[in-house]
Amino acid sequence: MEATPSFGQLCYIPAMRFSLTTWNINSVRLRIDLVAKFLKSVRPDVLCLQETKCIDDAFPLKRFKRLGYEHVALNGQKGYHGVAIVSKLPFENTDIRTFCDKIDSRHISVSFGEKAQLTKPLELHNFYVPAGGDIPDPVLNPKFDHKLKFLDEMKACEPLHPRGDDRHILVGDLNVAPHENDVWSHKQLLKIVSHTPIETEKLLAAQTHGEWFDVARERIPMSEKVYTWWSYRAADWTVGNRGRRLDHIWVSRALKDGISDFRITRDARGWERPSDHVPVTVTLDV
DNA sequence: ATGGTAGCTCGGCTA
């Protein structure tokens with residue numbers, strides 16, 4: 001008797017389940033044990049880090065390799081900023097872009113394809129958008145001016161954005177909480193950098209221009225408060241739950257229907273010597 | 001209205 005081919009074999013190549021975490025780690029060397037704890041428990045295929053705060057030669061490569069993350073793309077700098085992508089899956093290509101004519105390490109991207117057993121290419125961009133200082137006025141505060149220009153350049157950066165059935169993912173610490181319920185008090189934060197109208201408009205303009213879908217808000221209603229960051233400048237971060245949603249995962253239209261899970265590891269804010277940001281993870285079929 | 005904490009490196013920047 002002949003074996004009956006399964007539906008899958010006949011009709012399509014099954015999609016691969018792919019998981020991805022973004023985390024502003026605020027020094028990868030200082031918090032490598034927390035990273036290891038997280039990776040052992042959640043085991044995402046890919047981890048995108050921001051604020052690694054070290055040059056590439058000082059990045060704890062061996063530790064990641066021992067944890068099963070053998071593929072690493074780095075864009076570090078001494079003391080400040082710095083982004084990295086560590087992965088269980090091999091990359092096809094890696095790329096670094098600069099914004100605002102600065103050498104700041106605020107972007108790195110990789111693509112996945114045949115080497116990762118994907119039938120169609122997948123492009124992943126990891127960003128660390130400038131925080132923008134304290135004064136929300138681009139004339140008085142050059143850091144805020146830089147942030148606004150950076151957001152404008154993100155919007156204008158055509159290769160970044162998906163078109164048609166492109167499979168793109170954009171993650172990172174975007175340092176903007178765009179919606180009312182992305183902050184603990186919309187009213188009280190309207191003049192606080194990260195939630196001023198000019199920033200939120202520019203971030204959403206980039207998102208709309210690129211036909212991106214905000215995974216958190218695909219999964220969690222707009223009416224619900226969602227945070228990924230709680231300030232260090234509070235005696236107790238849990239009092240009043242004064243958080244903001246600064247860390248984001250955007251996916252292109254071709255990927256959004258494949259989303260199967262989204263989670264914010266809020267517990268991580270309470271770990272010993274934590275980052276002020278917590279890991280944000282998506283699982284989707286690719 | 002202000003100051004609060006953290007990290008990198010040991011003064012002052014960045015967040």
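Numbered from 1 within each chain, the chains take letters A, B, ... in sequence-line order.
- Distance Ile103(A) CD1 to dT14(B) P: 13 Å, rounded to the nearest Å.
- Within the nucleic acid shown, Arg242(A) has no heavy atom closer than 4.0 Å to any nucleic acid atom.
- Between the P atoms of dT9(B) and dG3(B), the separation comes to 28 Å (whole Å).
- Rounded to whole Å, atom P of dT14(B) lies 14 Å from atom CG of Asn175(A).
- Asp214(A) and Trp250(A) are not linked by any side-chain donor-acceptor pair at a separation below 3.5 angstrom, with hydrogens and angles left out of the test.
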Response to the item:
Once base and sugar-phosphate atoms are separated, protein heavy atoms under 4.0 Å mark nucleotides 4-9 of chain B, 5' to 3', with B, S and - as BBSBSS
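- Using cut-offs of 30° and 60° on the angle between ring planes, the pair Phe127(A) and His107(A) is tilted.
- One atom, CD of Glu199(A), and another, C1' of dA15(B), lie 14 Å apart when rounded to the nearest Å.
- For dA6(B) and dG11(B), the C1' atoms lie 16 Å apart once the distance is rounded to whole Å.
- Spacing between dG12(B) and dA1(B) at atom C1', rounded to whole Å, works out to 24 Å.
- Distance CG (Asp104(A)) to C1' (dC13(B)): 13 Å, rounded to an integer number of Å.
- Between His161(A) and His168(A), the ring center distance fails the sub-6.0 Å criterion.
- Judged purely by distance below 3.5 Å, without hydrogens or angles, the side chains of Asn75(A) and Ser105(A) pair a donor atom with an acceptor atom.
- Between Asp104(A) and Tyr80(A), the side chains place no donor N or O within less than 3.5 Å of an acceptor N or O (distance only, hydrogens not considered).
- Between Phe18(A) and Phe112(A), the ring planes lie perpendicular to each other; the angle is over 60°, past the 30° to 60° tilted range.
- Here the P atom of nucleotide dA15(B) and the CD1 atom of Ile135(A) are 14 Å apart, to the nearest Å.
- When rounded to the nearest whole Å, the span between CZ of Phe144(A) and C1' of dA15(B) equals 15 Å.
- With rounding to whole Å, Asn141(A) atom CG is found 14 Å from dC13(B) atom P.
- Computed from coordinates, the Phe150(A) CZ to dT14(B) P distance equals 16 Å when rounded to whole Å.
- OP1 or OP2 of dA15(B) sits under 4.0 Å from a side-chain N or O of His81(A).
- Sorted by first and then second residue, the salt bridge (Lys or Arg N to Asp or Glu O under 4.0 Å) pairs with a member in residues 262-274 of chain A read Asp261(A)-Arg263(A); sequence neighbours excluded.
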